[in-house]
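Reading through the structure tokens given below for one structure.
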Amino acid sequence: MLRLGRLVLRLSRLQANPTNSRHSMAYSAKIGPSILSSDLSCLGSECVRMMECGADYLHLDVMDGHFVPNITFGHPMVECLRKTVGQDPFFDMHMMVSRPEQWVKPMAAAGANQYTFHLEATTNPGNLIKEIKESGMKVGLAIKPGTTVEELAPWANQIDMALVMTVEPGFGGQKFMEDMMPKVSWLRGQFPSLDIEVDGGVGPDTIHKCAEAGANMIVSGSAVIGSDDPRSVIALLRTAVSEAIQKRSLDR
Ligand code: DX5
Ligand code: ZN
């Protein structure tokens with residue numbers, strides 16, 4: 001009788017906690033506008049506007065004119081943005097820079113939450129991952145279109161997020177590369193609970209491919225910023241990803 005009582009108690013606890021469900025997923029749909037294509041003279045108010053329109057996080061593109069043929073901003077700007085938007089918004093720093101080791105501490109001090117570096121930019125990813133964690137930030141690892149997903153795989157268990165680039169990094173407004181989707185599917189199959197981000201040319205026309213492949217963190221620049229109704233675009237992107245996650249959990 002006592003054993004039966006314990007069993008009932010355990011089952012009810014399992015039901016009360018959705019993360020214990022056999023069908024639940026460890027990851028959720030998150031939409032992170034890239035403010036690269038906004039009016040850069042109004043970056044603070046553009047970030048605030050995106051959060052008010054329902055963004056889950058902000059994707060901030062740092063370019064050094066060396067790793068990519070374009071220059072944006074660095075940690076002093078991030079520090080100012082943090083003051084403008086407050087403590088809550090999550091800053092995912094997309095570090096398109098040649099020496100990612102150099103900016104870990106300054107970015108952490110400026111208020112970055114996640115440091116997403118490119119695998120192509122470092123000879124010692126393991127050490128960089130360690131340094132990012134020690135500085136209190138989450139770790140993102142990005143690969144350019146020409147880098148295989150097998151090169152990222154050895155690090156996947158040490159990172160918080162994998163970023164599969166769906167354009168050549170450097171500029172907003174480029175065409176989505178659908179042929180990157182097998183990388184996303186492969187990663188989702190191998191690492192079922194990893195956050196997987198896509199970046200480049202993602203919007204209402206291309207989101208379903210990303211969602212079906214298994215991406216759950218969606219960067220969208222021109223499609224969101226350039227829209228008359230960014231709130232609706234963000235909601236549409238999130239719905240597409242949430243539905244794909246739900247479908248995958250039912251299929252398991
Ligand atoms: C490109 C950047 C992207 C870019 C995305 O190098 O990493 O984040 O701003 O912009 P769209 O969505 O316009 O391709
Ligand atoms: Zn980016």
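The analysis underlying the following values was restricted to heavy atoms, covering all of them including side chains, and did not include hydrogens, waters or symmetry mates. Start at 1 and go down the list; that is how both ligands and their atoms are numbered. Please read all numbers here as calculations on a predicted model, not as lab measurements. Start at 1 with the first residue, then count along the sequence.
Among all non-hydrogen protein atoms, the one lying nearest atom 2 (C) of ligand 1 is Asp61 OD1, 3.5 Å. The single protein non-hydrogen atom nearest to atom 10 (O) of ligand 1 is Gly172 CA, 3.6 Å, given as residue, atom name and distance. Closest to atom 7 (O) of ligand 1, if we only count protein heavy atoms, is Asp199 OD2, 2.9 Å. Given atom 1 (C) of ligand 1, the protein heavy atom at minimum distance is Phe171 O, 3.5 Å. Protein heavy atom nearest atom 13 (O) of ligand 1, with residue, atom name and distance: Ser222 OG, 2.5 Å. Taking atom 11 (P) of ligand 1 as the reference point, the nearest protein heavy-atom neighbour is Gly173 N, 3.6 Å. Regarding atom 6 (O) of ligand 1, its nearest protein heavy-atom neighbour is Gly170 N, 2.7 Å.
Atom NZ of Lys138 is surrounded by 12 or fewer heavy atoms from other residues, nucleotides or ligands within 6.0 Å.
For the Zn ion (ligand 2), the count of nearby protein N, O or S atoms, meaning those under 2.8 Å away, is 4.
Note on residues 154-167: no pairs pass side-chain hydrogen bond (donor to acceptor under 3.5 Å, both in side chains), not counting sequence neighbours.
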Practice problem: Could you walk me through whether Thr122 and Asn124 pass the side-chain hydrogen bond (donor to acceptor under 3.5 Å, both in side chains) test, one step at a time? | Solution: CA-CA 6 Å; Thr122 182; Asn124 195 341; over 6 Å; no
Practice problem: Start with the C-alpha distance between Asp92 and Asn113, add both sets of side-chain angles, then the distance that settles side-chain hydrogen bond (donor to acceptor under 3.5 Å, both in side chains), and finish with yes or no. | Solution: CA-CA 6 Å; Asp92 168 30; Asn113 301 99; over 6 Å; no
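Summarising the geometry of Asn70 relative to Gly170, their closest heavy-atom pair is ND2-O, 2.8 Å, with the distance given to 0.1 Å.
Separation of atoms OG (Ser45) and CE (Met50) is listed at 10.0 Å; rounding is to 0.5 Å. Rounding to the nearest 0.5 Å gives a distance of 8.0 Å between OG of Ser220 and CD1 of Ile31.
Proximity to His94 (heavy-atom distance under 4.0 Å) selects the following atoms of ligand 1: 7 (O). Of all the atoms in ligand 1, the ones that sit under 4.0 Å from a non-hydrogen atom of Pro169 are 6 (O). Against a heavy-atom cut-off of under 4.0 Å, Met96 is close to the following atoms of ligand 1: 6 (O), 7 (O). Less than 4.0 angstrom separates some heavy atom of His59 from each of these atoms of ligand 1: 8 (O). Ligand-side atoms of ligand 1 in range of Gly200: 14 (O), range being under 4.0 angstrom from any heavy atom.
In this structure, a donor-acceptor pair under 3.5 Å is absent between the side chains of Asp229 and Ser227.
Under the 3.5 Å distance criterion, the side-chain polar atoms of Arg188 are left unmatched by any main-chain donor or acceptor of Glu212.
Using bins of under 30°, 30° to 60° and over 60° for the plane-to-plane angle, the ring pair His94/His59 lands in the tilted bin. Between Tyr57 and Phe90, the ring planes are perpendicular. Angles over 60° get that label, and only those under 30° would be called parallel.
The hydrophobic cluster containing Ile159 also contains Val198, counting ILVMFWY residues as joined when their side-chain heavy atoms lie under 4.5 angstrom apart, directly or transitively.
Of the candidates Gly221, Gly32, Ser34, Gly201, Ser34 brings a heavy atom nearest to atom 9 (O) of ligand 1.
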